[in-house]
Amino acid sequence: MADQQSFHIAMYPWFALGHLTSFLHISNKLAQRGHKISFLLPPKTKPKFEPFNRFPDLITFIPIKVPDVEGLPPGTETTNDVPFPLHSLLMTAMDLTKPIIEAYLCDLKPHFVFFDFTYWLPEVSGRLGIKSVHYCTISPATVGYLISPERKLLEKSSTEADLMKPPPSFPPSSIKLHSHEARGLAATAAKKCGSGISFLVRQLLSFSGSDAISFKACTEMEGPFCKYIEKQFDKPVILAGPVVPEPPNSVLDEHIANFLDRFEAESVVFCAFGSECILDKNQFQELILGLELTGLPFLAALKAPIGAETIDSALPEGFSDRVKGRGFVYGNWIQQQLILKHHSVGCFVTHCGSGSLSEALINKCQLVLLPNVGDQIINARLMGGDLKVGVEVEKGEEDGLFTRDGVCKAVKAVTDDDSEVQKEVRTNHTKWREFLSSERLEDSYIDGFIQKLHALLG
Ligand SMILES: C[C@@H]1O[C@H](OP(=O)(O)OP(=O)(O)OC[C@H]2O[C@@H](n3ccc(=O)[nH]c3=O)[C@H](O)[C@@H]2O)[C@H](O)[C@H](O)[C@H]1O
């Protein structure tokens, strides 16, 4: 196929906002270069994503109804609609869409289908002569560490002891897990993730079955992990680069803007934990008490903790009066990308979701890393250890709990002008921000990505 010809790509991401967002970002980059996209997603979710479709003449949203599954509340469409324990049922529901997706692929006849958790797609697309690409939203470091064939996951689940060590030929790195993290990951790994299959086996089958594995990543940041994965899975790993989304063309909510505008440049601590994280009440309170302890102005966007109906009902005694005018805990969706760009924001306390980290790296705010689950832990180690662009909040080795003092200490470490750590992370963050924002970087990665897709078609 000649390089200048355009493709038609079907997109079928796991129905989680972080994945749907990531697939739409790469769809925009491909449509910008004239390629056609058929984006399969749940009906009610479609309007939430339409404002972010920058090329509606090339990107078509196709509604896919989520089949009913016993125990899954009717109308559930994404992981944002149900608590974590029900995500497995949503995955089962997605598996039940196999006949519908096969019919669509038969009808649409795309050159490629991009997918991630639906491990059965490669078999379906292979029969239809369509190339399958596992477009992975989690980092190469996470995939290499947790899902490598060297861990022989089809023979046995990884135990806590297994996960305390990287796979035998994993590249040298600062990625080491604390025992509570290995314990949590081993439990998650073994947990059923749809149709009676464990999360890690599902991922392993998806990677192994695809024609190529793709990451939203750069060689300069994670090259050794990408090479390791290419060798272990014995198939092409094609990198899309940082795929940094254009800032939304909406304006910042007036209420939030009025709050932030009252403070000096780079003085506000912004804290957000993504679209899925729900903390327990103790940790929720330790987090916001830690923000209070810094003495700095702060804006936190968090879901109400487990067991609490609203944010207000979970706030510690006297907290609101003490922080009035200085601190604000917000329980709804917030315009994170616009807030990260606001001149008053000087520090970002993040749960280390891949989307948030991409957005943080191209902004100036200093990074405090407070991972919650899964890949966020390995992302934090990479950012705080290998790249040294932020500081992790200390947690108890055994219980994995953080304290208000730990939160305050990490914020001070990256905001106090006379802190050596602040100088180091600021320098490294500036280096990576300039690299990621450089003119030709994105074009060179996306152009290379498209050439490698051409090569897959032979
Ligand atoms: C791959 C999967 O992504 C998941 O997504 P999650 O939503 O937690 O976090 P991000 O990837 O940062 O994505 C969150 C996205 O939502 C945006 N946002 C979030 C909260 C808000 O109030 N307003 C916003 O605009 C934010 O700007 C970012 O773009 C998990 O990390 C999981 O660990 C990972 O495997």
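Both ligands and their constituent atoms are indexed starting at 1 by order of listing. In this chain, residues are counted from 1 in sequence order.
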Novice: Angle between ring planes, F39 versus F23, binned at 30° and 60°: parallel, tilted or perpendicular?
Specialist: perpendicular
Novice: Just need the protein heavy atom nearest to atom 26 (C) of ligand 1, so name the residue and atom and give the distance.
Specialist: Q336 NE2, 3.3 Å
Novice: How close does the nearest protein non-hydrogen atom get to atom 28 (C) of ligand 1, and which residue and atom is it?
Specialist: E359 OE2, 3.5 Å
Novice: Is any heavy atom of the protein nearer than 4.0 Å to atom 24 (C) of ligand 1?
Specialist: yes
Novice: Considering only the protein, which heavy-atom contact is closest to atom 9 (O) of ligand 1, and what is its distance?
Specialist: H351 NE2, 3.2 Å
Novice: What is the closest protein heavy atom to atom 19 (C) of ligand 1, and at what distance does it sit?
Specialist: W333 CH2, 3.5 Å
Novice: Counting non-hydrogen protein atoms only, what is the nearest one to atom 1 (C) of ligand 1? Give residue, atom name and distance.
Specialist: T137 CG2, 3.3 Å
Novice: Could you check which of T350, I334, L340 puts a non-hydrogen atom nearest to atom 21 (C) of ligand 1?
Specialist: I334
Novice: On the 0 to 90° scale, with breaks at 30° and 60°, tag the F15-Y12 ring pair as parallel, tilted or perpendicular.
Specialist: perpendicular
Novice: What class does the angle between the rings of F328 and F259 fall in, given that below 30° is parallel, 30 to 60° is tilted and above 60° is perpendicular?
Specialist: tilted
Novice: Among A16, G18, S358, which one puts a heavy atom closest to atom 3 (O) of ligand 1?
Specialist: G18
Novice: Could you check which of P13, S275, G355 puts a non-hydrogen atom nearest to atom 11 (O) of ligand 1?
Specialist: G355
Novice: For Q376, take its heavy atoms, then give the atoms of ligand 1 lying under 4.0 Å from any of them.
Specialist: 30 (C), 31 (O), 32 (C), 33 (O)
Novice: With heavy-atom distances below 4.5 Å as the criterion, would you say the side chains of K216 and Y135 are in contact?
Specialist: yes
Novice: For the pair K176 and E181, find out whether any cationic side-chain nitrogen is under 4.0 Å from an anionic carboxylate oxygen.
Specialist: no
Novice: Parallel, tilted or perpendicular: which one describes the rings of F199 and F117, with boundaries at 30° and 60°?
Specialist: perpendicular
Novice: As a check for students: among S22, S139, C352, S356, identify the option with a heavy atom nearest to atom 14 (C) of ligand 1.
Specialist: S356
